[in-house]
K.L.:
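Input: one structure, supplied below.
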4 protein chains.
Amino acid sequence: MDEGLSTRDKLVTVAARLFRQKGYHGTGIAEVLAQAGVPKGSLYHHFPNGKEDLAQAAAEWTAAMLVRVVEDAFTPAVEFRAGATTFCHKLAKLFDLSDSADSCPIQALIFDGPDGAAFRAQAATLFDRLIGAVARQGERLGLEADAAREAAETLLIAVEGGWTLARARRSSDVLRSIPARLYG
Amino acid sequence: MDEGLSTRDKLVTVAARLFRQKGYHGTGIAEVLAQAGVPKGSLYHHFPNGKEDLAQAAAEWTAAMLVRVVEDAFTPAVEFRAGATTFCHKLAKLFDLSDSADSCPIQALIFDGPDGAAFRAQAATLFDRLIGAVARQGERLGLEADAAREAAETLLIAVEGGWTLARARRSSDVLRSIPARLYG
Amino acid sequence: MDEGLSTRDKLVTVAARLFRQKGYHGTGIAEVLAQAGVPKGSLYHHFPNGKEDLAQAAAEWTAAMLVRVVEDAFTPAVEFRAGATTFCHKLAKLFDLSDSADSCPIQALIFDGPDGAAFRAQAATLFDRLIGAVARQGERLGLEADAAREAAETLLIAVEGGWTLARARRSSDVLRSIPARLYG
Amino acid sequence: MDEGLSTRDKLVTVAARLFRQKGYHGTGIAEVLAQAGVPKGSLYHHFPNGKEDLAQAAAEWTAAMLVRVVEDAFTPAVEFRAGATTFCHKLAKLFDLSDSADSCPIQALIFDGPDGAAFRAQAATLFDRLIGAVARQGERLGLEADAAREAAETLLIAVEGGWTLARARRSSDVLRSIPARLYG
DNA sequence: AATGAATGAGCTTTCATTCAT
DNA sequence: AATGAATGAAAGCTCATTCAT
C-alpha cells in the first residue's frame, strides 16, 4: 500500500478502503495510520480537520474511481444496455476483489460519514456526479436527455440495491443478474 | 417514546432509531440511555451482553416491523404488482416520517452492526426472512415458486437502492417511482 | 490529600492547588487525577464538561475559602484597620504555607482559566463576592456604605498587587507591609 | 502587526501580545506563527530553543516597553505624585487599547512562563528593573533613596492590583483611581 | 429490577520540535 | 534565511462496561 504514493495519497486510499470495510465510525485513525505506514502527526498536516477531512477526500477519491469505472464500461459500448451490462460485471469483479463484507463504495462513503451537514451535502453531489456520468453515456448512445437520466437512475438504484443483497448473500452473482432483471 | 413501554422496549425502540440514524458505531450507549430515559446501570439487566445484545434485539424488532409492513401491503392486493406498489408507498411514508437522513432500516441493521460474524449471520437471516415474506405473498397471488422468489428479490433490490437514492436526494419520490421503473 | 473526602472534593481541592501553582493551561488533567488518586473516567462523571467544569468548581471553592478568611479576620476586629491588618497577616501565612511560587488564589482562578466567556463572567462575580464580604465588614464596623466599598476595593487592590510582588521576591513580607502602606 | 518589522520582531511582538492574552501555556506556537505570518520552520532560526527563547525575548521586550512608559510619565513631572498619576493614566490607556481581557503585561511575563527556574529568575529581575526605574525617578524628584524605593514599591503594588480589578470589571477606571487611593 | 459512581482502555487531536530541501 | 513536511509524545475526552448499594 506504500508504493510510490505520496503520504497524502497513502492516507486517502487506505482510509477509503477501511471506511468501506468497517464504516466511518467503526474505523479508528490509528488503524488508518498503521496500515498507511504514516506517523500520527502527519495526518493533521495534510488534513487539518482530521478524520472529517480525510473522509471527504476519501469520498472524492472513490467517486472519481467509480466515474472511471462507468466510463471504462460504456466507452466501447454501442447501446446503453451493453454498457450497463459491462458496468455491472465490472462492479461484480470489484466486489469479488474486496472482502465480500465491504459495503458498496458509493453507499459507504456517502452515508456513514461524519455527522455534519457539510459532508452530507458533498456526498449527495458525488452521487449526482455518478448519475450524471451514466446519463451522459446514455445520451452519447442515442437516448433523449430525459430518457438517459431515467435510465441512469434506474441502473444506479438497481446496482445499489444489488450490492446490498450481494453483501447479505456474500456472492456477487446478484450484481451480474441485474441486467436481466432490468432489461428482460 | 416513553408512553407505557417497558424499560426493555424503550431501549429497543430508541436503539433501533439511533442505529438507523447514526449507525451502530456512531451511536453511543449513553445517548440511547438518555433518550430512553433509562438510568445507566439498567441496560445490563435487560441485555447482559450490552450493546451487542441491544443491536440484536433492535434488528429483530426492525425485521418484524418490516414483515408487518409487507403483509399489510400485500394482504388486500389481488396481484403482485399492486401489492408491490402499496409496499413502496408505505416505505415512502416511513421515509417521510423519519428524519430523511435515516438509512434504510433494513440496511442499517443488517450491515452496520457489531463486528462479530455472529451478528452478520443473524442479519443475513433477517434479510432472507423479509424476501421470504414477499415471495410467499407472490405465491399466494398466483406466481410459481421460482418466479415469486425472483420477483421478491428484484423488488427488494430496487427498494434498497431506491432508499439510498432517496436519502441522497432527501426526497421519498424515488421510492414511489419504483413500481413504474420495474413494471413499466 | 485523600482523607475522608469524596471523589468530587478530592478533585476540586487538588485542582485548585495545581491551577494556582501552574496555571490552568499549565496543569494537565493526568496530574490532577494522579494527585487525587482518582481514575481517568471518574472525572467526567462528576464534571461532564471536563477540565472547564473542574476549573469552575475550583474557582468557587477558592472564593468560598477566601470569604471565610475575610470573615475570620474581621469578626474579632472592632475597627476596619485592625480587621484589614489581620487579613493581610492571614494571607501572608497562606503564602508561606504554599509553595511560594503559587500565584494568588484569587488571580489564578479568576484569570488563567478556560478561554470561554462563561468562565470569565463567573470569575468576575466571585471577585465581587469577595469585595462584598470585605465591604460588609466595613459597614458592620461603622463605615458608610460608600466608604466601606471604597475601603474594600483599596484593600483588595493592595493585596492583589502585594501578592504579586511577594511572589517575585519569594517572600511574604510584602503582604505584611500592606497595612502600613495603606493606613500610614 | 506586520509593517516593516523583521521576522524576528514580528514574532516577538505577536508572542508578547498572545502570552499576555492567553498565557504562556495557553498560547500555541502555531498561533504565534499564523498571526505573525511567518512559516513554521522559521522560528528555530531566530530562537534556537524555541518557545522558551521566544518567551524570554517577549519578556525582555515588554519590560523595556514598560520602562519607557515609566520614563515618559515621570520625565516631565516635578514631583513624584504627578509622575505617578501620569503613569497610571498611561497604563489605563494601554488597558483600553488592548483587549480588556489581557492580563497586566508585567504579571503575564513574570509569572506565566516556561516552567524552568531560569525564566523565573530572569522575570524577577525584570520586575526589579521596573521598580528601580520608578525609584530612580523618585530620587530625581527629591526623595531619599529609601523613601523612593518604598514609594516605587507601593505604586507598583497598587498598579498590579489595580490592573487585576480593572480586568475583572473590564474597565480601566480603577487604574485611574489609584493616585487618589494612594495619595489622598 | 434499579441506580449512579467507578473504571481504564482507547479515542481523536494538538503540541513543540526536527529535518530535508 | 526560509520553507513545509515529518514526527511521536502527550493532551483532553469518550467509551462500553462493572460494581456496590
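Every chain is numbered from 1, with letters handed out A, B, ... down the list of sequences.
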K.L.:
Is it the case that D112(B) and H25(A) place a side-chain donor and acceptor less than 3.5 Å from each other?
P.N.:
no
K.L.:
In whole angstroms, how far is the C1' atom of dA6(F) from the CG atom of L11(A)?
P.N.:
12 Å
K.L.:
Can you check whether H46(B) has a side-chain N or O nearer than 4.0 Å to OP1 or OP2 of dA2(E)?
P.N.:
yes
K.L.:
Whole Å only: how far is the NZ atom of K10(B) from the P atom of dA1(E)?
P.N.:
15 Å
K.L.:
Would you find a donor on one side and an acceptor on the other, under 3.5 Å apart, between the side chain of K51(B) and the backbone of Y24(B)?
P.N.:
yes
K.L.:
First locate atom CD of E52(D), then atom CG of D115(D), and finally report the distance between them rounded to the nearest 0.5 Å.
P.N.:
8.5 Å
K.L.:
OP1 or OP2 of dA2(F) sitting under 4.0 Å from any side-chain N/O of T7(D)?
P.N.:
yes
K.L.:
Send over the distance from D115(D) CG to dC15(E) C1', rounded to a whole Å.
P.N.:
14 Å
K.L.:
I'd like to compare against my own output: the B/S/- annotation of nucleotides 12-21 of chain F with a strict under-4.0 Å heavy-atom distance to protein.
P.N.:
SBB-SBB---
K.L.:
Please give the nucleotide sitting opposite dA20(F) as a Watson-Crick or G-U wobble pair, both distances under 3.5 Å, or none.
P.N.:
dT3(E)
K.L.:
Would a 4.5 Å heavy-atom cut-off, applied to side chains only, mark T164(D) and Q107(D) as touching?
P.N.:
yes
K.L.:
State, yes or no, whether a side-chain contact exists between L33(A) and L11(A) at a heavy-atom distance under 4.5 Å.
P.N.:
yes
K.L.:
Nearest whole angstrom, please: distance from the P of dA1(F) to the CZ of F47(D).
P.N.:
12 Å
K.L.:
Checking the side chain of T27(D) only, and the main-chain atoms of L18(D) only, is there a donor and an acceptor separated by less than 3.5 Å?
P.N.:
yes
